[in-house]
Amino acid sequence: QVLLVESGGGLVEAGGSLRLSCAASGRTFSSYGMGWFRQAPGKEREFVAAISWSGSNTYYADSVKGRFTISSDNAKSTAYLQMNSLKPEDTAVYYCAASRGEPDWWDYEYDYDYWGQGTQVTVSS
């Protein structure tokens, strides 16, 4: 069993930045994939970014490419999502997710096995 806990969300003005953290506990994350998803009010959950636990491969949704950066710190068993140039449309609950081994599809939510509780990000105009 893997427990994921997100933190770092909050209220920020458009153009600002936030860094989300996802702390993992439980089983080792070797050969795991880690992803960030988000769900805006009234919208379906969507893929944001993903990273192999080794950090050698990263993937981004087109909507956040160039603005968001995913990273991981294996020593701390933590993944991060640095969000810059935030826009009101980035407002959502952000979820951290982990997969046993690398997922078949990095942007497919059902390929992930563990989920955090979510952290709210609100971007004002």
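- Across every non-hydrogen atom of L18 and G8, the tightest pair is CD2-O, 3.8 Å.
- A donor-acceptor pair is defined here as one N or O able to donate and one able to accept, closer than 3.5 Å; such a pair exists between the side chain of S99 and the backbone of G33.
- The disulfide (SG to SG under 2.5 Å) analysis of residues 49-83, with sequence neighbours excluded, yields no pairs.
- For the atom pair CG of L4 and OG of S21, the computed distance is 12.5 Å after rounding to the nearest 0.5 Å.
- E102 and S52 get closest at one heavy-atom pair: OE2-CB, 3.5 Å.
- Within the 4.5 Å cutoff, the side chain of Q82 has heavy atoms near those of the S17 side chain.
- Using a 4.5 Å cut-off on side-chain heavy atoms (C-beta onward), R38 and D90 make contact.
- In summary, the side chains of T122 and Q120 do present a donor paired with an acceptor at a separation below 3.5 Å, with no hydrogens or angles considered.
- To the nearest 0.5 Å, atoms CE (M83) and CD1 (I70) are separated by 12.0 Å.
- Each salt bridge (Lys or Arg N to Asp or Glu O under 4.0 Å) pair with one or both residues in residues 71-83, not counting sequence neighbours, would appear here, but there are none.
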Test log, rule side-chain contact (heavy atoms from CB on, under 4.5 Å), inputs Y94 and V48: CA-CA 9 Å; Y94 283 70; V48 177; 4.2 Å; yes
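- The closest side-chain heavy-atom distance from V121 to T91 is not below 4.5 Å.
- Between A23 and T78, the shortest heavy-atom contact is CA-OG1, 4.0 Å.
- For R67 (side chain) and S85 (main-chain N/O), a donor-acceptor pair under 3.5 Å exists by modelled atom type.
- Judged by distance alone, the side chain of E13 and the main-chain N or O of V123 form no donor-acceptor pair under 3.5 Å.
- Within the hydrophobic cluster formed by Ile, Leu, Val, Met, Phe, Trp and Tyr side chains joined at under 4.5 Å, directly or through other members, Y59 is accompanied by F37, F47, V93, Y95, W106, Y112, W115.
- Residues in residues 56-125 take part in these disulfide (SG to SG under 2.5 Å) pairs, two or more places apart or across chains: C22-C96.
- Scanning all heavy atoms of the two residues, the minimum distance from P88 to A14 falls at CD-CB, 4.1 Å.
- Atom-to-atom distance recorded for M34:CE and L81:CG is 12.0 Å, nearest 0.5 angstrom.
- Among residue pairs with one or both ends in residues 111-122, those qualifying as salt bridge (Lys or Arg N to Asp or Glu O under 4.0 Å) are R100-D113; sequence neighbours excluded.
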side-chain hydrogen bond (donor to acceptor under 3.5 Å, both in side chains) between Y80 and R19, intermediate numbers included: CA-CA 7 Å; Y80 304 94; R19 188 180 75 160; 5.0 Å; no
Step-by-step salt bridge (Lys or Arg N to Asp or Glu O under 4.0 Å) determination, K65 to D62: CA-CA 5 Å; K65 194 173 299 181; D62 289 341; 3.3 Å; yes
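- Under the 3.5 Å distance criterion, the side-chain polar atoms of T119 are matched with a main-chain donor or acceptor of G9.
- For the disulfide (SG to SG under 2.5 Å) condition, no pair includes a residue of residues 38-68, sequence neighbours left out.
- A distance of 15.5 Å separates OH in Y110 from CG in D104, rounded to the nearest 0.5 Å.
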